[in-house]
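What follows is a short report on a single structure.
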There are 2 protein chains.
Amino acid sequence: MNKKSKSLSKNQKIVLDFIQKNKKPVKAYSILSNVQKKGINAPPQVYRALDKLIKIGKIHRVESQNSFVACKISNCDTPHKTVFSICNSCEIVSEINDPKLFKNLKDFRDKDGTVFDGYNLEFFGTCKSCKNKQIENTKH
Amino acid sequence: MNKKSKSLSKNQKIVLDFIQKNKKPVKAYSILSNVQKKGINAPPQVYRALDKLIKIGKIHRVESQNSFVACKISNCDTPHKTVFSICNSCEIVSEINDPKLFKNLKDFRDKDGTVFDGYNLEFFGTCKSCKNKQIENTKH
DNA sequence: AGTATAGTGTTATAATATAACAAATTTTTA
DNA sequence: TAAAAATTTGTTATATTATAACACTATACT
């Protein structure tokens with residue numbers, strides 16, 4: 001019963017629900033067109049819900065794609081501390097959960113000794129499945 | 001006289017020059033309005049130059065800001081391996097040059113063992129100068 | 001109950017980015 | 001050096017992403 005467990009509003013639920021259904025990150029206007037049947041009519045309604053969901057850590061923004069993805073880390077309440085891998089080929093995004101990397105990032109100080117509140121790290125590469133496909137295509 | 005030292009085209013030079021003059025990252029349309037007197041008239045001319053400059057590592061894109069900043073690391077030819085600190089208050093961006101952090105990032109493998117081609121890391125916090133200002137404001 | 005806070009619905013518009021096409025320039029290589 | 005290839009340019013139009021502003025409604029908080 002902590003303070004953060006306040007329930008979501010109608011629009012927030014609709015938007016979160018749609019994002020969670022998708023394996024890949026989704027774009028704001030794709031969300032919009034997919035939830036219009038549920039009574040969400042205009043961009044601001046989507047963006048407001050997105051802002052809130054990001055704030056409470058339920059979703060993250062994939063900066064390099066202008067897209068949004070559900071947080072896969074259970075009980076995530078740490079927005080702005082995110083690590084993703086992004087496939088250059090199929091654009092699938094996975095949230096990385098690596099304690100050692102997290103520690104490195106959390107402990108990082110710049111030359112001034114400045115401590116940072118948050119970070120966003122995106123790794124780019126070719127995912128296993130796309131790599132396999134490429135090898136198959138070479139064979140033929 | 002390596003292969004990458006081919007000289008830049010006219011528009012590329014104009015755009016790079018403007019970005020390098022600025023301490024803070026600049027936005028595409030701000031570049032456009034500032035270089036119109038030099039004969040660049042339309043967005044595509046700016047975006048093409050930006051694409052090229054990013055590709056050769058002369059500038060980087062600050063993803064969370066849709067802005068562009070000159071590479072501060074001498075002879076940088078590694079686009080897509082970038083680390084920045086961004087001040088939440090004044091939005092100033094500094095490129096971080098930390099060999100230990102670079103090594104951690106370069107060596108990172110995900111659970112599958114996937115190797116990544118590149119990464120982009122953005123740290124968020126309050127820069128020293130803004131922190132000092134905040135303290136001063138508290139005093140009065 | 002009264003007030004503060006957060007969320008809704010709406011219209012309009014701002015800000016960011018790319019498609020498509022014809023022409024000119026530079027680089028490569030035969 | 002002439003022809004072919006690749007890159008860059010200039011241009012118009014349009015797509016995509018995001019926010020401003022305003023009136024109103026619902027919910028949470030003493």
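Naming: A, B, ... by sequence-line order, numbering from 1 per chain.
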Spacing between B:Lys38 atom NZ and D:dG10 atom P, to the nearest angstrom: 14 Å
Check the distance between C:dA17's C1' and B:Glu63's CD and give it to me in whole angstrom. 13 Å
Output yes when at least one side-chain N/O atom of B:Gln45 is less than 4.0 Å from OP1 or OP2 of D:dG10, else no. yes
According to the interplanar angle, ranging from 0 to 90°, do the rings of B:Phe108 and B:Phe116 count as parallel (below 30°), tilted (30 to 60°) or perpendicular (above 60°)? parallel
D:dA26, OP1 or OP2 - any side-chain N/O from A:Ser9 closer than 4.0 Å? no
What are the two closest non-hydrogen atoms of A:Arg61 and A:Ile54, and how far apart are they? CB-CD1, 4.2 Å
Please confirm whether the shortest side-chain N or O distance from A:Asn11 to OP1 or OP2 of C:dT8 is below 4.0 Å. yes
Lys/Arg N to Asp/Glu carboxylate O, A:Asp17 vs A:Lys21, below 4.0 Å: yes
Considering just the side-chain nitrogens and oxygens of A:Lys13, establish if one lies under 4.0 Å of OP1 or OP2 belonging to C:dT8. no
Is the phosphate of D:dT8 approached by B:Gln12 (side-chain N or O, under 4.0 Å from OP1 or OP2)? yes
Can you check whether A:Cys90 reaches A:Cys127 side chain to side chain, under 4.5 Å on heavy atoms? yes
Given D:dG10, is OP1 or OP2 found less than 4.0 Å from the side-chain N or O atoms of B:Lys10? yes
Once ring pair (Phe, Tyr, Trp, His ring centres under 6.0 Å) is applied, do any residues pair with A:Phe124, and if so which ones, sequence neighbours excluded? none
Please encode protein proximity along nucleotides 12-21 of chain D as a string of B, S and -, counting only heavy-atom distances under 4.0 Å. B----BBBBB
Can you check the B:Leu8 CG to C:dT25 C1' distance for me, whole Å? 16 Å
Please determine whether a side-chain nitrogen of the Lys or Arg among B:Lys103 and B:Asp107 lies less than 4.0 Å from a carboxylate oxygen of the Asp or Glu. yes
